[in-house]
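Hydrogens, waters and symmetry mates are skipped; everything else that's a heavy atom, side chains included, is used.
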Amino acid sequence: MKEFPDKISPELKLVQLTAEHPEYRKNYNLPSYQEGWKVMREGKVTNFMNSAMLAIDCEMVLCHDGTEALVRVCVVDSNLEVKLDELVNPFKAVADYRTSITGLSKKDLKGVMCSLVDVQKSLKKILSKGKILIGHSLSKDLHALKFDYARVIDTAYIFKYVNLPTTASASLNSLCKSVLGYAVREEGEPHNCLKDAEAAMNLVIAKLKHGFNDPIEVEVARNSVPESDMTKLLAHRIPVYLPCQELLKLFSGNPSIDEKIDSRIRGDYYSTYILFGDIDEVEKAFEELDGQETKDTRGRLQKYVLLKRDNGDVASFYVRKMAYGYRPNESELSKKRPPPVEDAEPTKEVNDGQKQKKQKTGKKDKKKSKISVVE
């Protein structure tokens with residue numbers, strides 16, 4: 001781009017904008033050295049100047065070995081013509097088809113013979129001569145495809161937001177509502193791989209046409225947290241080698257572990273819930289938890305904690321509450337007592353502008369920067 005500045009198209013500038021995002025290096029540092037990965041090189045300079053675009057979206061399932069596997073891939077061009085739409089057989093045992101998200105079940109893959117290798121070959125063919133690949137949070141799709149490709153536009157990275165932290169990104173649905181004026185799906189509706197690929201392409205076309213250089217406001221989920229989740233703390237980015245029961249030594253009270261963590265394994269890490277008897281125990285346990293206060297990618301308060309194991313090793317992970325600034329009163333609690341919700345999504349939260357619960361007097365002078373190692 002520096003050698004040929006006069007030949008840089010608006011599309012290539014979006015490739016550059018994607019690469020300049022603060023989260024790019026972390027998320028696009030793909031492990032293409034591992035077995036089964038394919039790397040597509042840039043090739044000639046004339047190929048690099050190509051501005052033709054393709055948009056992609058994938059659906060993944062969780063397998064028994066803790067990995068995610070590709071089960072569907074869709075690719076469209078800038079005219080929204082379908083270039084690839086394939087169901088893919090993981091060829092290994094599936095633990096969770098995530099039907100509510102993928103829209104697929106075991107019967108949908110019956111008789112499907114297309115493999116990941118077949119999809120990789122198709123991608124290399126349709127991406128020839130330096131086409132630009134578009135997607136929303138595209139690094140996740142590339143991980144599922146085991147496909148390393150540098151000429152990308154990530155629609156999660158090319159817009160600025162008024163009401164989100166710099167490192168955060170909006171969901172595809174929220175972004176489409178703000179930029180395109182329509183929702184990709186209704187609440188609770190499963191993903192449609194083809195529609196999501198089309199939506200990503202439409203976002204880039206809108207960006208090229210209208211600029212959207214000023215920060216935009218996007219819809220942020222602010223639904224009340226289910227009552228059953230108010231008595232939980234979320235522990236995440238936990239190294240897979242750390243047994244979940246060892247986490248309990250960090251917390252006051254008498255907590256237990258939600259051991260149904262299989263569907264929350266992500267590569268080298270997993271997440272789980274710490275369960276308490278009531279809301280007061282949750283408040284007390286989080287308040288007394290020694291750790292550095294930080295914010296997650298959505299700006300929610302959490303604590304970064306260290307745990308010293310019996311063998312001398314130190315493991316680190318994050319802990320956050322399910323919601324801040326909200327406590328149901330007794331009348332609300334008595335009206336409805338829903339059963340525990342398994343695998344509840346830890347993303348529903350009350351308005352970020354509400355004040356967090358004041359810490360108890362004895363903890364007011366505690367330094368936020370302190371990180372204690374629990375023996």
Side-chain angles (χ1 to χ4, degrees), residues 96 100 187-188 220-238 242-266 269-307 315-364 366 372 374:
D96 185 359
S100 62
E187 185 176 353
V220 179
R222 303 195 186 280
N223 297 328
S224 296
V225 174
E227 288 178 25
S228 57
D229 285 353
M230 296 296 290
T231 56
K232 299 177 182 178
L233 290 176
L234 172 70
H236 64 104
R237 293 287 293 180
I238 310 165
L242 181 63
C244 56
Q245 288 297 330
E246 288 194 27
L247 308 182
L248 295 179
K249 66 172 70 175
L250 283 173
F251 302 96
S252 64
N254 187 30
S256 59
I257 292 285
D258 178 1
E259 296 191 22
K260 296 179 180 179
I261 62 172
D262 289 346
S263 63
R264 292 193 287 277
I265 295 175
R266 294 291 183 272
Y269 302 95
Y270 71 92
S271 61
T272 191
Y273 293 111
I274 315 297
L275 311 179
F276 295 85
D278 55 43
I279 298 172
D280 288 330
E281 282 190 26
V282 172
E283 295 287 335
K284 185 174 184 292
F286 186 80
E287 181 181 319
E288 295 181 352
L289 183 63
D290 286 329
Q292 180 182 359
E293 289 189 357
T294 67
K295 290 186 178 181
D296 66 8
T297 56
R298 299 192 180 191
R300 297 171 295 195
L301 181 67
Q302 60 184 2
K303 289 186 178 183
Y304 177 68
V305 297
L306 300 178
L307 172 63
S316 63
F317 55 93
Y318 294 88
V319 177
R320 73 165 174 84
K321 290 192 289 186
M322 301 299 290
Y324 293 88
Y326 170 77
R327 287 174 62 86
N329 56 41
E330 289 302 317
S331 61
E332 289 177 316
L333 290 173
S334 61
K335 286 179 182 177
K336 188 176 181 180
R337 287 286 184 181
V341 179
E342 292 185 0
D343 295 334
E345 288 292 331
T347 57
K348 296 180 180 179
E349 209 164 312
V350 295
N351 194 307
D352 293 339
Q354 291 179 312
K355 294 183 179 179
Q356 298 173 10
K357 182 183 175 184
K358 292 183 179 179
Q359 293 184 330
K360 295 183 179 179
T361 305
K363 299 292 180 179
K364 285 184 179 179
K366 185 177 178 181
S372 296
V374 179

Would you indicate whether the side-chain heavy atoms of [Y] and [X] approach each other to under 4.5 Å?
| X | Y | value |
| --- | --- | --- |
| L247 | L242 | yes |
| L275 | I257 | no |
| L234 | Y273 | yes |
| P255 | E281 | no |

- prompt: In Å and rounded to the nearest 0.5 Å, what is the CG to CD distance from L233 to E283?
  reply: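 L233 CG to E283 CD: 9.0 Å, rounded to 0.5 Å.
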
Practice task
Enter the distance from E288:CD to F251:CZ here, rounded to the nearest 0.5 Å.
Solution key: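 One finds 12.0 Å between CD of E288 and CZ of F251.
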
Minimum heavy-atom separation for [X] to [Y], with atom names?
| X | Y | value |
| --- | --- | --- |
| K303 | E287 | NZ-O, 3.4 Å |
| F286 | V319 | CE1-O, 3.5 Å |
| A285 | S252 | CA-OG, 3.4 Å |

My understanding is that only residues two or more places apart in sequence, or in another chain, count here; which of them pass side chain to side chain contact (heavy atoms under 4.5 Å, CB included) with N254?
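Not a single residue meets the side chain to side chain contact (heavy atoms under 4.5 Å, CB included) criterion with N254.
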
- Item | side-chain hydrogen bond (donor to acceptor under 3.5 Å, both in side chains) against S316, all qualifying residues, sequence neighbours excluded |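 In terms of side-chain hydrogen bond (donor to acceptor under 3.5 Å, both in side chains), with neighbours along the sequence ignored, S316 is linked to Y304.
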
Q.
By the definition side chain to side chain contact (heavy atoms under 4.5 Å, CB included), identify the one residue from I279, D280, I274 that meets it with F276.
A.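 That would be I274; it is the only one of I279, D280, I274 passing the side chain to side chain contact (heavy atoms under 4.5 Å, CB included) with F276.
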
Among H236, R237, Q292, K321, which one satisfies side chain to side chain contact (heavy atoms under 4.5 Å, CB included) with Q302?
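Answer after filtering H236, R237, Q292, K321: H236.
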
> Has the side chain of Y318 got a donor or acceptor atom that lies under 3.5 Å from a matching backbone atom of T294?
Replying inline: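 Looks like no, no N/O pair under 3.5 Å.
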
